[in-house]
Amino acid sequence: MIRVRFAPSPTGDLHVGGARTALFNWLYARKNGGTFILRIEDTDGARNTDEASAGILKGLKWLGLDWDEGPEKGGDYGPYYQSQRKDIYDRYLAKLEADGRTYVEENGAVRFKFSRTAITVHDMVCGDVTFAPTEEPDMTLRRPDGSYIFHFVNVVDDIEMKMTHVFRGEDHLSNTWKHIDLFNAFGATPPTYAHIPLILNSDSSKMSKRDAGSAIEGSYMNGGFLPDAVFNYLCLLGWTPRTEAEVLDRQTLTSLFEPSEIHSSNARFDMQKCSWFNAQYLRAQSPEDLLVAARPFLDRAGLVITDEAVAAAAVFSVKEKVSLLTEIPDWVHYFFREDYPYEADVVTKLKAKPENPALLQAAATAFAAQTEWSEASVHTAIEEAAKGASVKPGALMPLLRFALSGQSRGPGVSTIAHLIGKDSTLRRIERTLALE
RNA sequence: GACCCCUUCGUCUAGCGGUUAGGACACAUCCCUUUCACGGAUGCGACACGAGUUCGAUUCUCGUAGGGGUCGCCA
């Protein structure tokens, strides 16, 4: 039975690097029918653990990385907060003391006597990496105040929670020999490791909390991304599935996942490509799903939805014009109100030709005569109006678009007119003709 | 400083001794088109360097350079 875990320290917001580490663990568990455990490493935390870990949980849930054991879920190997496992650590430390593998400093800190033998890490990504007998000072396991150090609790919990595999960032590779030394001291078998490449900024500097794209909630949830798109992009940062396609759903990604194919070189984060993935997923949404996804952003822009169906159709009509949900309000605001602003340069164009008002008026007359109001009938009316005025429909379209939306770009004119309705269409033309 | 990992277009990457070095993002041009987009087509653009091994190296070995990481009573 495969057991993997994601063991973040609670920082408040899930970091992309952490998210992808969680992702690979999750993928491996799901592919093999294993168990994915979430363990919060809050040994340091005298500071509001629940608050801080809530951000991590939120990010994981958003990405759809559900855990089988852990906070809010329970399990047979809990508690899953390290701050609540002190007795277990005390017990393990006692074993080491009994074996003479520790000694106490003058101030009370407890150190582990390294075996000082060559230690080889068998890694699914990096292969066998051998570390020569160390010359580093012995490692501290417990601070004078009785709290424990990461390396110790990490190993103890991996033993206690029966972890079989560990996917973690490559920044841990250099310390893995210490962990193995500890496993050996406990007479336990180390898990199989897979040290995954780091995610770097576009300038190849280390990505920190402040950098664009680093925080799941701050950059993606609030940035207008769809979870599936981020999931997909993150998978491909450091791993290439054996398929031609890049846009792949969770199920496909899961079935294709192969740890030995994870790259061993770091990858730079590319927001443009991540956005491109988002655009792909946006376009695949149904009108209803798209509205659900876009709703928070419409709300934030102060747009009031009175008709769900129209709102869904409106949002759907601009789906291939944007790559982020955050861009949607700017493209659809006029569907939800009639006091929309007019783009300045288009006002100029409208006034440039003296015949424009007459053309708009002709269209209004044609619209008014319609008894039926569909995209097709709107289109027919426009063609008739154009014909009557001896111009091409193409000459009328930009004027109408501007009148109905105040913008020079957007969905098809008949789509707009149809969605806002006949009455509103006529009012909007009137309002535009009254512009001075 | 010591140790560890890494090195193909600007970016993500395919390649696993013999290829016109392929794809995706981005960029450029064209087509489509009532706008903006989408879509389609084309183009631009890379094997870090130096030695080996070999009939032949992007591919294997070593070295150099560069990048990243680790050496905490942080995680």
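Please read these numbers as outputs of a predicted model, since none were measured by experiment. Letters A, B, ... are given to chains in the order of the sequence lines, protein chains preceding strands, and every chain is numbered from 1.
Taking atom NZ of residue A:K178 and atom C1' of nucleotide B:U70, one finds them 7 Å apart after rounding to whole Å. Atom CG of A:L200 and atom P of B:G69 are 7 Å apart (whole Å). Atom OH in A:Y89 sits about 13 Å away from atom C1' in B:A75, given to the nearest Å.
For residues 314-327 of chain A, proximity to RNA chain B is found at A:E320, A:K321, defined as any non-hydrogen atom under 4.0 angstrom from a strand atom.
Closest to the side chain of A:S264, from the set B:C6, B:U35, B:U34, is B:C6. Side-chain proximity of A:F131 to B:A26, B:C3, B:C71: nearest is B:C3. Out of B:A75, B:G15, B:G68, the shortest distance to the side chain of A:N266 is found at B:G68. The A:T240 side chain lies nearest to B:U13 when the options are B:C73, B:C25, B:U13. Of the candidate nucleotides B:G69, B:C12, B:A75, B:G69 has the atom lying nearest to any side-chain atom of A:L198. Nearest nucleotide to the side chain of A:S174, out of B:A75, B:C4, B:U13: B:C4. Ranking B:C71, B:G15, B:U11 by closeness to the A:D270 side chain, first place goes to B:U11.
A:K273 contributes a side-chain N or O that forms a donor-acceptor pair with the base of B:A24 under 3.5 Å.
Side-chain atoms of A:T192 and A:T164, non-hydrogen and from C-beta on, never get closer than 4.5 Å to each other. The shortest side-chain heavy-atom distance between A:F114 and A:K178 falls under the 4.5 Å cut-off.
OP1 or OP2 of B:C73 has at least one side-chain nitrogen or oxygen of A:R111 nearer than 4.0 Å. Proximity of A:R409 to the phosphate of B:U33: no side-chain N or O atom is located under 4.0 Å from OP1 or OP2. Side-chain N/O atoms of A:R401 include none lying less than 4.0 angstrom from OP1 or OP2 on B:U34.
A:A267 comes within 4.0 angstrom of sugar-phosphate atoms only, judged by non-hydrogen atoms across all strands, and of no base. Using a 4.0 Å heavy-atom criterion, one finds that A:H263 contacts the sugar-phosphate atoms exclusively. No contact: A:P197 has no heavy atom under 4.0 Å from any strand. Residue contacts for A:N175: at a heavy-atom cut-off of 4.0 Å it reaches a base atom on one of the strands shown. Within the 4.0 angstrom heavy-atom criterion, base atoms lie near A:P144. Nucleic acid contact for A:S265: sugar-phosphate only, since backbone atoms but no base atoms lie under 4.0 Å from a heavy atom of the residue. Within 4.0 Å of A:S202, counting heavy atoms only, lies no atom of the nucleic acid at all. Heavy atoms of A:V129 sit under 4.0 angstrom from primed sugar atoms or phosphate atoms, though from no base atom. Within 4.0 Å of A:E246, counting heavy atoms only, lies at least one base atom of the nucleic acid. Looking at heavy-atom distances under 4.0 Å, A:G412 makes contact with a base. Using a 4.0 Å heavy-atom distance criterion, A:N107 is classed as a base contact.
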Audit row: A:H195, A:D171, side-chain contact (heavy atoms from CB on, under 4.5 Å) steps and yes/no:
CA-CA 8 Å; A:H195 286 91; A:D171 50 337; over 6 Å; no
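Taking atom C1' on both nucleotides, B:U70 is separated from B:G45 by 36 Å, rounded to a whole Å. Going from the P atom of B:A57 to that of B:C49 covers 15 Å, rounded to whole Å. Rounded to a whole angstrom, the distance from the P atom of B:G18 to that of B:U13 is 23 Å.
Counting non-hydrogen atoms of other residues, nucleotides and ligands closer than 6.0 Å to NZ of A:K113 gives a total above 12.
A:Y233 and A:F277 have tilted rings, their planes meeting at an angle from 30° to 60° on a 0 to 90° scale.
The closest donor-acceptor contact from the side chain of A:R20 to the backbone of A:L237 lies under 3.5 Å.
Ion pairing between a basic and an acidic side chain is recognised when a charged N comes within 4.0 Å of a carboxylate O; A:K273 and A:E246 show such pairing.
B:C38: glycosidic angle within 90° of 0, hence syn.
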